*Asks:* 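First, the structure itself, so that you have it in front of you.
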Amino acid sequence: MEEKNLSDERQSRLNKLNLWKEKKINPYPNLYKPSSYSIDIKEKFEKEGDKEFPTDIAGRIILLRDFGKAIFATIKDSKGTIQIYARKDILGDEKFEDFKLLDIGDIIGARGDVFRTHKGEITILVKEFKLLAKSLLGLPEKWHGLTDVETRYRQRYLDLIVNDKVKEDFKTRFKIIAYIRNFLNNKGFLEVETPMMQTIPGGATAKPFITHHNALDIDLYLRIAPELFLKRLIVGGFEKVYELNRNFRNEGIDTRHNPEFTMLELYQAYADYNDMIAIFEELMQNLSLEIKGDTKLEYQDKILDFGKWEKIKYVDALKKYANIDVTNIKTIDQAREIASLKGFSDVKDFEGKWSIINRLFEEYVEPHLMEPTIIYEYPAEISPLAKYKEEDYEFVERFEAYVYGREIANAFSELNDPIVQAERFFEQAKKKAEGDEEAMYVDEDYLKALEVGMPPTGGMGIGIDRLVMFFINTNSIRDTILFPTLKTRD
RNA sequence: GAGCCGCUAGCUCAGUCGGUAGAGCAUCACACUUUUAAUGUGAGGGCCCUGGGUUCGAUCCCCAGGCGGCUCACCA
């Protein structure tokens, strides 16, 4: 037994738990199936002109008002809340005493007649009730709820119980994910699963998590992207595939980054980046119509139209927003010079011309891309898995979609020339050797797959968490992830 | 990784120019058969994040650390 003060809430609830047991009532019964939801009961009652009818519900007590011989309680279920009303003269002395043992936070089932109180509240007059789960810890305070951000993340269940907006936001997240799956399935894409644990972390440039398989005695990497495996499937004859699942990157945590995040990648054989643009625009437009009922959505201080995407070439965007004319930059040294003039003092030896220019792009162009914008035709040097333009090998058929200065999609015509891909991998390996921690690994088996032959293919990746951020109007990725990664507390 | 801010009752927050602390809600007791942030009266509840320093005395000042938030860097 815990030596606790009598007014300790948990102790008082434990005492009540024992009282239930002494009454031979199981405080955690096995099964109870309610027939109705709060909202539906209220709707039916109003629709039928306030005609009383018997019903039953189950849910959590979130408010209690005790009047001695009558008690009002507010019950919350998954759809909303409804008031119930218990009277001593109706329940009888013994059952009413039982009712008095209930606490805020307890989950109960109740049966009775729906009526409207003098104050106009649609209410269930309780004839029978059953404790379904005793709550020993109670709930955060009813006025201000739970606002402590750390507790909200660590005990998300409390956040979900108390903060309706949070629950709505997560419903929105999972509606978005369900919609995307539907959208792609209807287009004939097949959802597939490829390894989360990979021997070579490929498909992106990022630091991986490393783990170890004991029986095989080998290190494995949590995937940073599924890309190379999905393209192996295209080689294998699947023509439209997608994977919507987690990636893992061992990098910093902030309002835009969580170590595990959700990514959509899709690949379509006999398609190119223009087809990807078409799919992207259709998806964004339909998704916002589905979720918001409008292509325009309010985000922070802006109205963003997901039905209207401005398109501008990468080099033209540099000219337009940063006044940089790349035709004047012919050599790495010229690029270094401009970067230096613009204040970049930390250019590394392994950085090539376009890698340096891309710094300028990120610094001076991206912040201007507030309205939904598609930037296309990227430099080949910074796109090691994308296919060059037929008439200009310096550029690739690639686009990125930006909203509010943030990248939300990256797509290209996939590089299927094994010789060129081998060269690109070799360049990456060289950068790695020169100190670029995030350069790609050479994946020999992937090259072998390309040598078997991959059809011309278009592919696209969309960061789901960041997309969700726009739909729930938040600045923090943690508001889109149910259980964000946090340090442990001792 | 750097800077700034926060950490006080179960929750939301005050506060102590350095003398070991308060409110509302929650809890407990009593009253109350139509309340809905119910109300009224009374009560209990605190390693004031941790460790060290300064001091007669630290929750408060100083240093270090922990956890969290935001911004920046890296990235998606």
Side-chain angles (χ1 to χ4, degrees), chain A residues 4-16 62-75 81-91 96 103-105 115-123 125 135-155 158-159 161-163 203-207 224-225 246-265 346 359 362-363 366 400-402 406-410 436-438 461-467 469 475-479 484 486-490:
Chain A
K4 285 272 181 165
N5 191 287
L6 281 174
S7 64
D8 179 75
E9 179 160 12
R10 183 164 180 273
Q11 187 56 53
S12 128
R13 285 166 182 251
L14 281 171
N15 293 342
K16 288 174 185 171
I62 56 165
L63 286 171
L64 268 177
R65 296 174 287 282
D66 184 344
F67 288 84
K69 294 187 181 66
I71 300 171
F72 290 91
T74 306
I75 304 294
T81 62
I82 191 165
Q83 177 170 267
I84 64 170
Y85 178 36
R87 293 173 57 129
K88 191 171 189 177
D89 58 0
I90 288 173
L91 282 175
F96 192 74
D103 287 307
I104 288 173
F115 74 109
R116 194 185 285 274
T117 64
H118 296 163
K119 295 286 168 74
E121 179 91 8
I122 297 169
T123 300
L125 179 61
S135 167
L136 297 179
L137 288 177
L139 299 177
E141 193 243 349
K142 64 189 172 189
W143 295 16
H144 310 89
L146 180 66
T147 61
D148 181 77
V149 182
E150 189 173 353
T151 310
R152 286 185 43 225
Y153 295 158
R154 288 192 194 278
Q155 294 178 269
L158 288 178
D159 195 25
I161 291 168
V162 170
N163 296 323
T205 53
K207 289 171 207 151
I224 56 176
R246 230 65 66 78
N247 288 347
F248 308 86
R249 298 190 184 175
N250 204 343
E251 286 164 354
I253 297 179
D254 61 27
T255 48
R256 309 279 136 72
H257 299 87
N258 195 64
E260 55 176 317
F261 62 102
T262 300
M263 187 85 170
L264 166 69
E265 284 201 19
D346 60 336
R359 285 172 173 248
E362 286 171 357
E363 182 74 15
E366 284 188 6
E400 291 201 353
Y402 284 88
R406 300 177 198 158
E407 183 205 326
I408 61 167
N410 180 18
D436 186 351
E437 278 189 59
E438 291 182 346
I462 297 176
I464 299 300
D465 315 281
R466 289 184 176 183
L467 181 63
M469 286 171 70
N475 242 327
S476 173
I477 199 168
R478 292 180 206 101
D479 291 333
L486 296 175
K487 279 199 185 185
T488 50
R489 268 197 308 202
D490 308 317

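Chain letters run A, B, ... following the sequence lines, proteins first, then strands; residues in each count from 1. All values derive from a computational prediction rather than experimental measurement.
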*Asks:* When we call it a touch if two heavy atoms are under 4.0 Å apart, what does A/Gly461 touch: a base, just sugar-phosphate, or nothing?
*Replies:* nothing

*Asks:* In the structure shown, which nucleotide is the Watson-Crick or G-U wobble counterpart of B/rG57, with both distances under 3.5 Å?
*Replies:*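 Base-paired to nothing in any strand shown.
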
*Asks:* Would you mind classifying the nucleic acid contact of A/Arg13 as base, sugar-phosphate or nothing, using non-hydrogen atoms under 4.0 angstrom?
*Replies:*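 Contact class for A/Arg13: none.
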
*Asks:* Tell which nucleotide pairs with B/rG68, taking only Watson-Crick or G-U wobble pairs whose two distances are both under 3.5 angstrom.
*Replies:*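 By the stated definition (distances under 3.5 Å), B/rC5 pairs with B/rG68.
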
*Asks:* Within the structure shown, what part of the strands sits under 4.0 Å from A/Asn250 by heavy-atom distance: base, sugar-phosphate, or nothing?
*Replies:* nothing

*Asks:* Could you check whether A/Tyr85 gets within reach of a base, just the sugar-phosphate, or nothing at all, counting any heavy atom under 4.0 Å?
*Replies:* base

*Asks:* Is there a donor and acceptor pair closer than 3.5 Å between the side chain of A/Asp254 and the base of B/rC74?
*Replies:*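 Check passes, donor-acceptor contact within cut-off.
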
*Asks:* When you compare the side chain of A/Ile122 with that of A/Gln83, does any pair of heavy atoms fall below 4.5 Å?
*Replies:* no

*Asks:* Quick one: which of B/rA26, B/rU12, B/rC67 gets closest to the side chain of A/Leu146?
*Replies:*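 Among B/rA26, B/rU12, B/rC67, the one nearest the side chain of A/Leu146 is B/rU12.
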
*Asks:* Base, sugar-phosphate, or nothing for A/Asn247, non-hydrogen atoms under 4.0 angstrom?
*Replies:* nothing

*Asks:* Using a 4.0 Å heavy-atom cut-off, does A/Asp89 contact any base of the nucleic acid, only the sugar-phosphate backbone, or nothing at all?
*Replies:*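 Result for A/Asp89 = base.
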
*Asks:* Under the criteria of a ring-centre distance below 5.5 Å and an interplanar angle below 30°, is A/His118 stacked with the base of B/rU34?
*Replies:*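 Given the distance and angle limits, yes, they stack.
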
*Asks:* Applying a 3.5 Å limit to both distances, which nucleotide forms a Watson-Crick or G-U wobble pair with B/rG18?
*Replies:*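 WC or wobble partner does not exist here.
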
*Asks:* At 4.0 Å (heavy atoms only), tell me whether A/Leu486 reaches a base, stays on the sugar-phosphate, or touches nothing.
*Replies:* sugar-phosphate

*Asks:* Is any side-chain nitrogen or oxygen of A/Arg478 closer than 4.0 Å to OP1 or OP2 of B/rG69?
*Replies:*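 Yes, A/Arg478 has a side-chain N/O under 4.0 Å of OP1/OP2 on B/rG69.
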
*Asks:* Please classify the nucleic acid contact of A/Thr117 as base, sugar-phosphate, or nothing, using heavy-atom distances under 4.0 Å.
*Replies:*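 It contacts base atoms.
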
*Asks:* Looking only at side-chain atoms of A/Phe72, point me to the closest of B/rC70, B/rC11, B/rU34.
*Replies:*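 Between B/rC70, B/rC11, B/rU34, the one nearest the side chain of A/Phe72 would be B/rU34.
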
*Asks:* Does any non-hydrogen side-chain atom of A/Arg478 lie less than 4.5 Å from one of A/Arg152?
*Replies:*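 No, side chains not in contact.
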
*Asks:* Can you find an N or O donor on one side and an acceptor on the other, under 3.5 Å apart, linking the side chain of A/Asp66 with the base of B/rA38?
*Replies:* no

*Asks:* Just call it for A/Thr151: base, sugar-phosphate, or nothing, with non-hydrogen atoms closer than 4.0 Å on any strand.
*Replies:* nothing

*Asks:* Could you tell me if A/Tyr402 and A/Glu400 have a donor-acceptor pair between their side chains, going purely by distance under 3.5 Å?
*Replies:*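 There is such a pair (donor and acceptor under 3.5 Å, judged by atom type) between the side chains of A/Glu400 and A/Tyr402.
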
*Asks:* What nucleic acid atoms does A/Gln83 come within less than 4.0 Å of, heavy atoms only: base, sugar-phosphate, or nothing?
*Replies:*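 Since a base atom lies under 4.0 Å of A/Gln83, the category is base.
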
*Asks:* When you measure from the side chain of A/Thr255, which nucleotide among B/rC70, B/rU34, B/rA38 comes out closest?
*Replies:* B/rC70

